Amino acid sequence: MANYHIHRIFSSIQGEGRNVGRPVTFIRFAGCNLACRWCDTHKDERMLLTEDQILNRILFYGNKSVILTGGEPTIQHELGVLVQKLKDAGMWVALETNGIKAPSCQELFDYIAVSPKSHYLSRYLDNIMIHKANEVRIVAETDEITAFCKTMRSRIEAENYYISPLHSDGRIHYRRALRLLTKVNKIMSDVMPPWCLSIQMHKIIGVR
Ligand code: SF4
């Protein structure tokens with residue numbers, strides 16, 4: 001039986017992207033292969049749990065949907081074993097990943113959301129990154145993201161593409177996100193569907 005580095009398992013609703021409002025249990029893994037400056041994952045708090053221990057906690061919360069998030073889930077060894085266990089228990093299982101690494105168990109997921117980080121462009125170009133997903137979400141950090149959005153759009157085939165406002169220094173930067181969204185859609189006016197805004201609803205209503 002494998003062990004997984006877990007930061008926290010908790011019940012909530014999905015707050016962003018296509019599945020906003022869906023009741024889910026989040027498995028928040030510890031550790032990441034990137035180090036974004038605004039990251040809200042407390043890298044030092046972690047516990048080691050087996051698949052059975054994780055499944056018991058999932059069943060305790062009673063949600064039928066599970067989202068694997070981070071930290072970065074794809075750096076966990078034996079991720080496929082855990083996902084198969086959740087699927088065997090009848091769960092809808094989604095992955096939230098930074099997309100640097102394509103998981104070997106990609107076909108097991110019911111939904112994949114990729115959130116590439118623009119300040120790590122060279123890492124994406126150097127790695128065998130993920131190339132297919134259900135949605136792509138890019139945080140509106142700086143004006144640089146317009147070119148990054150174009151590059152990621154050409155590299156990741158998805159059904160929906162979103163821009164999210166940056167949350168930093170206790171503020172959510174909506175205006176910048178809207179300005180960059182308009183700019184990105186102007187630059188990519190020839191591709192469909194257009195980029196849309198994904199607000200982080202859980203941060204607005206104050207749920208984790
Ligand atoms: S990719 Fe996500 S989990 Fe990793 S450092 Fe950046 S914000 Fe944190």
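Atom set for the values below is all heavy atoms of this structure, side chains included, hydrogens, waters and symmetry mates excluded. Computed from a predicted model, the values in this text were never measured in an experiment.
- Here the closest heavy-atom approach between residue Gly80 and residue Leu108 is recorded as O-CD1, 3.7 Å.
- With a 4.5 Å cut-off on side-chain heavy atoms, Gln53 and Thr50 count as touching.
- Residue His5 forms a side-chain contact (heavy atoms from CB on, under 4.5 Å) with just one option from Leu49, Leu48, Ile75, and that option is Leu48.
- No more than 12 heavy atoms of other residues, nucleotides or ligands shown are found within 6.0 angstrom of CZ on Arg18.
- At a threshold of 4.5 Å between side-chain heavy atoms, the hydrophobic network of Ile, Leu, Val, Met, Phe, Trp and Tyr places Ile138 and Met129 in one connected group.
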**OP:** Show the numbers, then the answer: is there a side-chain contact (heavy atoms from CB on, under 4.5 Å) between Phe148 and His119?
**Re:** CA-CA 9 Å; Phe148 185 69; His119 46 284; over 6 Å; no
Subject >> Step-by-step side chain to side chain donor-acceptor pair (under 3.5 Å) determination, Glu16 to Tyr162 >> reply: CA-CA 10 Å; Glu16 52 193 326; Tyr162 296 101; over 6 Å; no
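- Neither side chain, Glu144 nor Ser118, offers a donor N or O lying under 3.5 Å from an acceptor on the other.
- Considering only heavy atoms from C-beta on, Glu135 stays 4.5 Å or farther from Glu159 through its side chain.
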Original post:
Which is it for Ile9 and Phe26 under the side-chain contact (heavy atoms from CB on, under 4.5 Å) test, yes or no, and what are the steps along the way?
Top reply: CA-CA 6 Å; Ile9 297 175; Phe26 286 93; over 6 Å; no
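- In the hydrophobic clustering of this structure, Leu125 groups with Val136; members are Ile, Leu, Val, Met, Phe, Trp, Tyr whose side-chain heavy atoms approach within less than 4.5 Å, directly or through other members.
- Cation-pi geometry between Arg22 and Trp92 is satisfied (NZ or CZ under 6.0 Å from the ring centre, within 45° of the ring normal).
- Contacts of Lys87 classified as side-chain hydrogen bond (donor to acceptor under 3.5 Å, both in side chains), with partners at least two apart in sequence or in another chain: Asp110.
- With sequence neighbours excluded, the residues satisfying side-chain contact (heavy atoms from CB on, under 4.5 Å) with Glu157 are Lys132.
- The heavy-atom pair separating Gly17 from Ser198 by the smallest distance is N-OG, 2.9 Å.
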**OP:** Carefully, step by step, assess Asp52 and Lys85 under the rule side-chain contact (heavy atoms from CB on, under 4.5 Å).
**Re:** CA-CA 8 Å; Asp52 283 351; Lys85 188 127 196 149; 2.8 Å; yes
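- When all heavy atoms are compared, the tightest approach of Ile112 to Gln106 is CD1-CG, 3.5 Å.
- Side-chain contact check for Thr69 versus Ile27: every heavy-atom pair is 4.5 Å or farther apart.
- Although no hydrogens or angles enter the test, the distance criterion places no donor-acceptor pair under 3.5 Å between the side chain of Tyr4 and the main chain of Pro73.
- Using cut-offs of 30° and 60° on the angle between ring planes, the pair Tyr161 and Trp195 is tilted.
- No side-chain heavy atom of Asn98 sits under 4.5 Å from any side-chain heavy atom of Val114.
- With contacts defined as side-chain heavy-atom distances shorter than 4.5 Å, the pair Tyr111/Asn19 qualifies.
- Within the 4.5 Å cutoff, no side-chain heavy atoms of Ser115 are placed close to those of Glu96.
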Subject >> Chi angles and distances behind the side-chain contact (heavy atoms from CB on, under 4.5 Å) call for Arg171, His173 >> reply: CA-CA 6 Å; Arg171 288 178 55 217; His173 300 265; 3.4 Å; yes
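- Here the side chains of His7 and Glu45 are in contact, with some heavy-atom distance below 4.5 Å.
- For the pair Ile156/Pro116, a side-chain contact is recorded, criterion being any heavy-atom separation below 4.5 Å from C-beta on.
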